[in-house]
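A single structure is presented below for examination.
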Amino acid sequence: MALQDKYKELTDAASAAGVTDLQVREQDNVLYIDGTAPSGAIKDQLWVIYDKIDPNFVSGDLVLNVNVDIAATVTKVKVVTQSSNLNIRKGPGTDQPIVGKAAHHEIITLVSQSSEQWWLVRPVDGEEGYSYARYLEPVTE
Amino acid sequence: MKVTRVLAVMMVALTLGFVSCKPKDADIKAAVEQAVAALPDAAGATIEVKDGVATISGIFKDEAAKAAAEAAAKAVKGVKSVINNGTIEAPVVAAPVEITADDPLTKSVADATKDFPTVKAEVKDGVVTLTGEITKPNLIKLMQSVNALKPKKVDNQLTVK
């Protein structure tokens, strides 16, 4: 229960912000918070709170797994790498060969979200393949 | 003849007396239902009354709610005794946390850390240990990625530059 108290501000904020399927479980001295956030901004806001309670996330007593709910209508994603091109790979994994690249800030087609980490995308001109979801931001039209 | 008439009158009087003094089971049942329905956490309770004995059944939130229903039933006029067959709601047991096995976890941690060459990651028994150094904005990005891989725990020993 102590961990639930420690991160109470976080779980309260998650329910107040409309995080769905919210689950808070404690197991072997680690608190697991799972859920689906309505937007990336809300997910980031929760991470700000996490960083406030446990600066730099050093305690190792929380696994915060809040994903962002991507509407089925989203078909375009923006490449949000720091500055470089984004690799598009044959399969979902960095061990897979690179079949293409998408430029920084380019808007490409989202074919499907094959997993939370790897999304199937199609660049403007080129073969479709898998890119790491961290570098893709849904574009709402 | 006279005796029979007297007896008949007495019987009528007795019957009337019973009817007026003793509330009917159906009326008691309605009164108990009303009393129990007024309690919080007693939504699922059902009441049966037979010969003034009220039987409570249904699911209650806890022992206190069950006892409160019994007390409320006993207080109703005409209830001789109460049989409390109420049961207590089973506590909701959360499903155990799903932890990714080391092999797929090692692979996905490698994917997550690939773009941070100053970070080293090790996976053992579901625990992801991160060492090396990283910038604050990248730390948040990396932690978000690693936390989504269903690890048992993230042991973050990174130095934030």
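So you know, we letter chains A, B, ... as the sequences are listed, proteins then strands, and number each from 1.
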Side-chain ion pair, K90(A) and E127(A), N-O less than 4.0 Å:
no
Without hydrogens or angle criteria, can the side chains of T36(A) and D69(A) be said to hold a donor-acceptor pair below 3.5 Å?
no
Shortest non-hydrogen separation from K29(B) to V49(B) and the atoms involved
CA-CG2, 3.6 Å
So with a 6.0 Å cut-off around CG of L39(B), is the heavy-atom count from everything else above 12?
yes
Among residues 118-138 of chain B, those lying within the under-4.5 Å heavy-atom range of chain A are K136(B), N138(B)
Is there any residue in residues 148-161 of chain B with a non-hydrogen atom under 4.5 Å from a non-hydrogen atom of chain A, and which ones are they?
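Contacts with chain A: A148(B), L149(B), K150(B), P151(B), K152(B), K153(B), V154(B), N156(B), V160(B).
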When you measure from the side chain of R25(A) to the backbone N and O of A95(B), does any donor-acceptor pair fall under 3.5 Å?
yes
Considering only NZ, NE, NH1 and NH2 on the basic side and carboxylate oxygens on the acidic side, decide whether D51(B) and K80(B) come within less than 4.0 Å.
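No salt bridge links D51(B) with K80(B).
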Which atoms of Y32(A) approach chain B - backbone, side chain, both or neither, heavy atom under 4.5 Å
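Interface part for Y32(A): side chain.
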With a 4.5 angstrom heavy-atom cut-off, which part of V63(A) approaches chain B: side chain, backbone, both or neither?
both
Go through Y130(A) and W119(A) one step at a time and tell me if the ring-ring contact (aromatic ring centres under 6.0 Å, His included) criterion holds.
CA-CA 5 Å; Y130(A) 295 84; W119(A) 291 359; over 10 Å; no
So, K66(B) and E70(B), do they make that salt bridge, N to O below 4.0 Å?
no
Side chain, backbone, both or neither: which part of D54(A) has an atom under 4.5 Å from a heavy atom of chain B?
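For D54(A), there is no contact with chain B at all, as no heavy atom is under 4.5 Å.
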Name the option with the most non-hydrogen atom pairs under 4.5 Å to chain B; the candidates are L62(A), D61(A), D51(A), T81(A).
D51(A)
Among the listed options N29(A), L64(A), V30(A), V48(A), the residue most often paired with chain B at heavy-atom distances under 4.5 Å
L64(A)
Are Y135(A) and D115(B) close enough, and set up right, to give a side chain to side chain donor-acceptor pair (under 3.5 Å), and what steps lead you there?
CA-CA 11 Å; Y135(A) 302 114; D115(B) 292 333; 2.6 Å; yes
Between the main-chain N or O of G86(B) and the side-chain N or O of N84(B), is there a donor-acceptor pair closer than 3.5 Å?
yes
Taking the side chain from Q27(A) and the backbone from V97(B), do they hold a donor-acceptor pair closer than 3.5 Å?
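Pair found, side chain donor or acceptor close to backbone of V97(B).
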Are a donor atom and an acceptor atom from the side chains of Q144(B) and D44(A) found within less than 3.5 Å of each other?
yes
